[in-house]
Structure formats: structure tokens, C-alpha cells
Amino acid sequence: MSGLLDGLSLLAEPSSLLMVVLGLLIGFAGGLFPGLNASALAALVLTFSLSLSVEGALILMVSLYAGELFAGSVPAILLGVAGTPGAAVTLLDGFPMAQRGQARLAIGISRMASVVGGVVGTIVVIVLIGPFGDVALYFGSREMFAVAILGLFIIGTVVGSNPAKGLLAGVVGMLCATVGLDPITSQPRLTLGLIELYDGLPLVAVLVGVFAVSQLLVMASAERQVATTPPETALPAQGVTAQGTTMVASRRGVLAEVSDGIRTTLRYPRLLAQSTAVGLLVGILPGAGSAVAGYASYGFAKKTSKHPETFGTGNPEGIIAAEAADGGNTSGTLVPTFALGVPGSGTGAVMLAALYLHGVVPGPQVMETHRPEVYAVLLGLLLASILILPLGIALATPMTYIVKLKPGVVVPPVLLLCFVGAIALRSSYFDVGILIVFAFVGCLLKFCGYPVVPLVLGLVLGPLAEDNFSRSLLLGQGHISYFFQSPVAIVLWLIIAALIAGAVRKTLLKRRAVV
Amino acid sequence: MMPGEISSAYDEPSASWFAKATLLWRAHAVTVLVVVFAVSFAVSTAGIDGRSSYYPRFLLIVVFVAAALDAVSTVRGRAAATDDSYVPPRGLREVVTRNKRTLLTVVCLLAYWLLIPILGFYASSLIFLFAAFIALDVRIRVIVVLAPILLVMFYFAFTVFLGISLPIGIWI
């Protein structure tokens with residue numbers, strides 16, 4: 001309880017409150033612009049957040065995450081363009097509603113469902129993370145090694161449609177984490193004779209390159225982001241033009257939208273609870289992002305609905321299922337990130353990198369050594385989830401203008417920001433080269449259909465796996481059997497074996513389906 | 001060929017050799033590069049003995065198993081990519097036409113990287129912004145206004161406010 005109160009006092013500091021608002025604003029801008037996802041934005045602010053306290057940096061990132069997930073639904077509803085992977089689920093019913101002339105109602109529902117999901121999910125996490133962290137403290141090095149490998153396999157098999165590709169991207173990340181001196185023998189590994197690589201790959205440059213620069217290069221060739229234009233017949237009634245981008249909302253119209261959205265959303269309490277729970281549970285799985293949560297929740301809502309046939313045609317339940325799951329998922333991803341040191345999402349991986357850069361070693365001990373900071377971050381997320389409602393209303397009109405921006409205007413300044421981010425940390429020109437190399441790696445992975453998130457999670461999990469592997473070997477006096485001599489470790493290894501079997505089965509089934 | 005099986009288009013006799021090569025590259029490039037990377041890792045850790053060699057060996061096994069699984073999945077299932085709507089280009093000209101802006105941005109990016117140590121951060125950034133905006137078809141009037149404003153904002157944000165030391169260059 002004292003940790004929670006200490007966390008509250010940390011959050012009450014003006015600088016922390018400022019980070020909540022700043023994070024939401026950055027998240028709103030990023031979410032409205034398809035391509036700039038939360039991981040890319042978090043990587044971008046990573047270097048600059050080093051001048052902040054550890055909780056300030058993490059509050060900025062979680063607020064950004066919450067803001068981005070909400071804002072992504074706006075272009076999805078108005079234009080049928082998903083700003084974030086999770087918003088693709090909102091689009092299924094949000095865009096048909098907009099086409100029917102109910103764009104504002106759809107946005108109101110999405111805003112309220114997102115707030116309820118975020119607030120309820122965060123409260124549950126605040127209650128659970130203490131005991132969860134206490135249990136995680138009983139995890140020794142062999143269990144932590146198994147957790148890191150489990151994280152890798154979950155990431156590989158859940159992210160993307162092909163488990164083999166996800167897994168390969170993850171292990172490449174782990175291989176990249178070995179660059180530098182061997183922790184025991186100090187023998188250089190994969191350093192190419194470059195002294196700059198003796199400390200390992202610069203994490204910030206890699207994250208910015210893989211997440212942000214590669215995405216910006218892909219965006220450069222994209223046409224104006226308003227790729228589809230809603231039919232003229234339906235939208236002008238709600239103040240949206242044929243271009244779908246100039247929803248100039250009057251104050252009265254916005255307030256009516258909010259009250260309608262609140263009323264409609266609160267008419268489905270069971271669906272809200274169910275979707276938040278699905279989002280939360282999926283969020284706790286390492287690597288399973290908002291898209292997985294959204295689709296799982298949507299599928300579940302459709303099965304349990306009295307009108308499943310109306311899903312996909314503009315049913316408010318579809319929007320509630322997607323947005324409440326998104327809100328719950330945001331808080332859920334923080335559980336493995338803080339309690340185990342295993343990132344729950346791409347943004348979680350950047351948050352772990354922020355912990356490293358602030359001199360905090362991620363892992364179960366974080367809940368012991370930095371409990372107030374963890375609670376401050378969770379309370380910051382709670383505040384951000386609440387602030388989505390008033391800030392979203394106040395910024396409704398400017399948000400529609402951001403959607404209109406051409407990629408050509410956005411890409412060069414953000415690329416410049418990426419360069420500054422890579423240079424600033426170590427004042428190293430070499431890091432910019434690494435940034436460019438990993439931007440190409442990111443582009444290649446995307447071109448070949450490999451997910452990028454497992455690579456970054458593998459990179460972050462690599463040191464955790466290697467440290468605990470080496471420590472376990474020392475404790476077990478070199479006997480491999482030591483890794484299987486505890487009930488928890490055995491359970492974890494059995495889950496890993498089941499995941500491998502599932503991946504192989506999925507691969508073979510795919511073959512059968514094609515034949 | 002069933003709809004959605006674009007990735008197996010290289011079986012079709014009508015497909016050009018360039019399209020076939022692109023699909024093959026798309027299907028196998030990452031697996032091949034990962035194996036090369038893993039072999040380099042094996043070579044660089046070959047001298048490590050005793051317990052220190054266990055983790056690299058473990059990692060190599062995982063990498064080769066994952067690469068084998070990926071190769072099997074790609075070759076047998078022809079799951080070259082998750083995006084089945086991908087249509088391969090028929091020649092180099094089509095590659096350039098499709099990705100003109102990205103390629104020009106990459107050229108600007110590489111030139112910028114080379115210019116920073118010579119001209120310093122701000123002078124080379126101004127050139128980069130002008131070049132990248134032009135490459136991305138932004139109107140000249142917008143560029144002339146936007147580029148200097150952005151640089152002034154960057155200067156106050158990073159040099160004045162955050163105190164970040166950015167490269168000053170040898171000429172300026």
C-alpha cells in the first residue's frame with residue numbers, strides 16, 4: 001500500500017503530470033498518422049526521455065501508447081484507414097457506421113469504450129501486479145531463463161500469421177544481442193573488428209532504425225494517407241465531406257456525440273467487462289499486441305452477441321469489443337514488462353530499453369527495488385486513460401487536420417528527429433550508421449513478410465536469457481539437468497514444448513491446406 | 001493456381017525471370033541471411049571453451065531449428081509472405097517506378113549521413129530537408145517556409161533546451 005501512495009506522490013509532481021499530457025498529445029498525433037505506431041514513437045522519444053527521471057520517461061511512453069491506440073480509431077472510423085493494427089478491428093464496424101451517417105456516434109462509442117477498458121484494466125493491473133511481482137521473486141535464474149525462452153516462443157508464434165517467421169525474427173534478435181564481448185571470457189563476438197561494437201549494439205539506434213526509420217521509408221512511397229474516400233451520400237449529414245477529412249465539429253455537436261457515445265457504450269456493461277478482460281489477458285502474454293487482443297475480443301463478442309449477423313455492418317458492439325480490448329491490452333502488457341522483465345509488446349521492449357538506459361536492470365527485482373516508480377507509471381496510465389475523454393474532445397478538430405497531412409510533409413522532419421535521437425545518446429556518428437543498417441533490416445523483414453516486433457523483443461530478451469543461462473550453469477555446476485530440477489521450470493519447459501509442437505503442426509496444416 | 005497463391009506465381013511459365021527472382025528472393029532471402037549470420041557467429045565463438053561455449057551453442061541450435069522450420073514452411077507451403085496480394089515487379093524499371101520516393105529518400109538519407117561530419121548537423125540538415133521534401137513532391141513554397149522553421153525549432157529544442165551536442169563539421 002505504501003508503494004502505491006509513494007507512486008501517487010511521484011505522479012503528483014508537475015513534471016510527471018506534464019509527461020502524461022505530452023505523451024497523450026504525441027500518441028494522438030502518431031495514431032492519426034497510419035504507419036507511425038506506438039513502438040516507433042516510443043523509440044523516437046527514448047533518447048530525449050533520458051533527461052527525465054525513470055518514472056517520467058516511462059509515464060511518457062505509457063501515455064503515448066494509450067493516446068496512440070485511441071487516436072488510431074479516428075481515421076479507421078472516418079476514412080476506413082487503420083492508423084494502428086488494433087484500429088483495423090474498430091474499422092470493421094466503425095467505418096460502416098460512418099457510411100451510414102453515424103461517424104460521430106461511432107467515435108463517441110470508441111472513445112468511451114477505450115476509456116472504460118483503459119481505466120478498468122489499469123485498476124486490475126494495479127491490484128494484481130504487487131502479488132504477481134512477489135510470486136515472480138521466487139523465480140530463480142533457471143526459471144527466468146525459461147521465461148525468456150518462453151517469451152521468445154510466444155512472441156514468435158503469436159505475432160504474425162506464420163509462427164516460423166516470427167520465431168526466426170525473434171532468434172535473430174537474440175543473435176544480435178550477442179554482439180560485443182562475451183560476458184565471461186571477454187572474447188569479441190560478431191564485432192567485425194569494430195571497437196564501437198565491443199559494448200554491443202547501441203539499443204536506441206537499433207530500435208529507432210527498425211521501428212521508426214524503416215516505417216518512414218515505407219511511408220515515403222505511400223500516396224496521401226487518405227487512400228479511400230467514403231461515399232458522398234452518407235457522410236455530409238455528420239459534417240464529414242466527401243474527402244472524409246474535414247469533420248469540423250461544433251461544440252454542441254461534440255458534446256452531443258460524447259453523451260450519445262457514453263449512453264450507447266454503457267448500455268453494454270457485460271460486453272465492456274468481457275472485452276476488457278480479453279484485452280488484459282492477451283496483453284499479459286508477451287508480444288501479443290493490440291491487434292491480437294482486438295480480434296480475439298471481436299470474435300468472442302460476435303459469438304456471445306444476440307445479433308452476430310450484424311457484426312461488420314456497423315454494430316456498436318463491434319466497436320466496443322475492439323476498443324475496450326485495446327484499453328485493457330495496454331495495461332496488460334505492463335504486467336510481464338515490470339513483473340518479469342519480459343516485454344509485453346513492442347512498446348514494452350522500448351520501455352525495458354529505457355529502464356536499462358536509466359541504470360535499472362529489468363526483471364522481477366524491479367518490483368522490489370522500484371515499486372513506487374512502477375505504481376507511478378501504472379497510475380500515470382490510469383490518468384492518461386481518463387484524460388483521453390476531455391483531451392480527445394478538445395482536440396477533435398485539430399485531429400482531423402493531422403489526418404489530412406501528406407506523408408511527404410511528415411517523413412523528412414521525423415527522419416531528422418531519428419538522426420538526432422541516434423546521435424544524441426553517445427554523441428556517436430557510428431550509431432547513425434547502425435540506425436541506417438537496421439532501417440534496411442526492418443525494410444527487408446517487412447518486404448519478406450516477417451514481423452519486426454519479435455526481432456526487437458529478442459534483442460531485449462537476449463541479455464536476460466544469457467545472464468540467467470550462465471548463472472544457472474554456475475549454480476548447477478555445469479549440469480544441464482539443473483534447468484529441469486524445479487516444478488516451475490518443468491512447467492515452463494512443457495509450455496515451450498507445446499508451443500513448438502503447435503508451430504510445427506500449424507506449418508504442416510498450412511501445407512495440407514495449400515495442397 | 002488458387003486465388004491468394006500469388007507467392008507461387010513463379011511456377012507459371014508466363015512469369016518473367018525478374019518476377020520469379022523477386023519472389024524467390026522474397027521467399028528465401030531472410031533465411032539465407034540468417035544462416036550466414038549464424039555461421040559468422042559460430043566462427044567468432046569457435047575459440048570459446050568450457051561452460052562459456054554452452055550459450056552460443058544453445059543459441060545456434062535454436063537459430064538453425066528456426067531457420068529449418070521457416071525454410072520448410074516456405075518451400076512446402078509456398079508461404080513466401082503473409083501478404084498474399086503482393087504482385088512481383090517484371091523488371092528493374094518497375095521496381096524504381098513503384099518505390100521512386102523511397103529510393104530517393106534513401107539516397108538523401110545516405111548523402112545526409114556522409115555530409116554531417118563535413119558540413120555539421122544544421123547545414124547538412126537544411127540540405128537534407130530541401131532534398132527530401134523535393135523527392136517527396138512537396139511544393140517549393142511549402143519547403144521554403146517549412147525547412148527553416150523546422151531547423152530553428154530543432155535548434156531551440158535540442159541545442160538550447162536539451163543541451164544536446166550535435167556534430168559541428170570540419171568546414172563549418
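So you know, we letter chains A, B, ... as the sequences are listed, proteins then strands, and number each from 1. What you see is a predicted model; the values in this text were computed from it and never measured.
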Interface residue of largest heavy-atom contact number with chain B, from A:Ile149, A:Leu415, A:Leu175, A:Val179, under 4.5 Å | A:Leu175
Aromatic ring centroids of A:Phe419 and B:Phe154 under 6.0 Å?
-> no
List, one per line, each side-chain donor-acceptor pair under 3.5 Å for residues 105-119 of chain B, sequence neighbours excluded.
from	atom 1	to	atom 2	distance (Å)
B:Thr105	OG1	B:Arg101	O	2.6
B:Tyr112	OH	B:Ser125	OG	2.7

Where on A:Ala465 is there a heavy atom nearer than 4.5 Å to chain B: the side chain, the backbone, both, or neither?
-> both
Flag side-chain contact, heavy atom, 4.5 Å: A:Leu417 against B:Phe158 | yes
Proximal component of B:Ala68, with respect to chain A [non-hydrogen, under 4.5 Å] = neither
Given that the side chain runs from C-beta out, which part of A:Leu216 has a heavy atom under 4.5 Å from chain B: side chain, backbone, both or neither?
-> neither
Can you tell which part of A:Cys443 gets under 4.5 Å to a heavy atom of chain B, answering side chain, backbone, both or neither?
-> neither
Least distance between heavy atoms, A:Pro413 atom then B:Leu129 atom = N-CD2, 4.1 Å
Take atom CZ in B:Phe156; do more than 12 heavy atoms of anything else shown fall under 6.0 Å from it?
-> no
Please name all residues satisfying ring-ring contact (aromatic ring centres under 6.0 Å, His included) with B:Phe133, sequence neighbours left out, ordered by chain then number.
-> none
Of the non-hydrogen atoms in B:Leu136 and A:Gly408, which two are nearest, and what is the gap between them?
-> CB-CA, 3.7 Å
For the atom pair CD1 (A:Ile480) and CZ (B:Phe58), what is the distance rounded to the nearest 0.5 Å?
-> 9.5 Å
Residues of residues 429-438 of chain A within contact distance of chain B, non-hydrogen under 4.5 Å = A:Tyr429, A:Val432, A:Gly433, A:Ile436
Check each atom of A:Leu217 against the heavy atoms of chain B and say whether the ones under 4.5 Å are side chain, backbone, both or neither.
-> both
Identify whether NZ of Lys or CZ of Arg in A:Arg189 sits under 6.0 Å from the centre of the six-membered ring of B:Phe41 and within 45° of that ring's axis.
-> no
Any chance NZ of B:Lys100 has more than 12 other-residue heavy atoms, nucleotides or ligands included, within less than 6.0 Å?
-> no
Can you say whether A:Ser51 sits under 4.5 Å from chain B via the side chain, the backbone, both, or neither, judging by heavy atoms?
-> side chain
Tell me, do A:Leu444 and B:Trp25 make a side-chain contact under 4.5 Å, heavy atoms counted?
-> yes
Could you go step by step and tell me if A:Tyr450 and B:Thr31 meet the side-chain contact (heavy atoms from CB on, under 4.5 Å) rule?
-> CA-CA 11 Å; A:Tyr450 287 77; B:Thr31 317; 3.5 Å; yes
Identify the residue among A:Leu168, A:Leu167, A:Val171 that makes a side-chain contact (heavy atoms from CB on, under 4.5 Å) with B:Val62.
-> A:Val171
Non-hydrogen side-chain atoms of B:Leu151 and A:Leu416 separated by less than 4.5 Å | yes
Comparing B:Leu60, B:Val63, B:Val43 against chain A, the one with the most heavy-atom pairs below 4.5 Å turns out to be B:Val63
Proximity breakdown for A:Val213 and chain B, heavy-atom pairs closer than 4.5 Å = side chain
Under 4.5 Å, heavy atom to heavy atom, which residues of residues 138-148 of chain B contact chain A?
-> B:Val138, B:Leu146
Test item: B:Tyr55 and A:Leu473 side chains (from C-beta on) under 4.5 Å apart, heavy atoms | no
Of the listed residues (B:Leu150, B:Leu59, B:Asp70), which shares the most heavy-atom pairs with chain A below a 4.5 Å separation?
-> B:Asp70
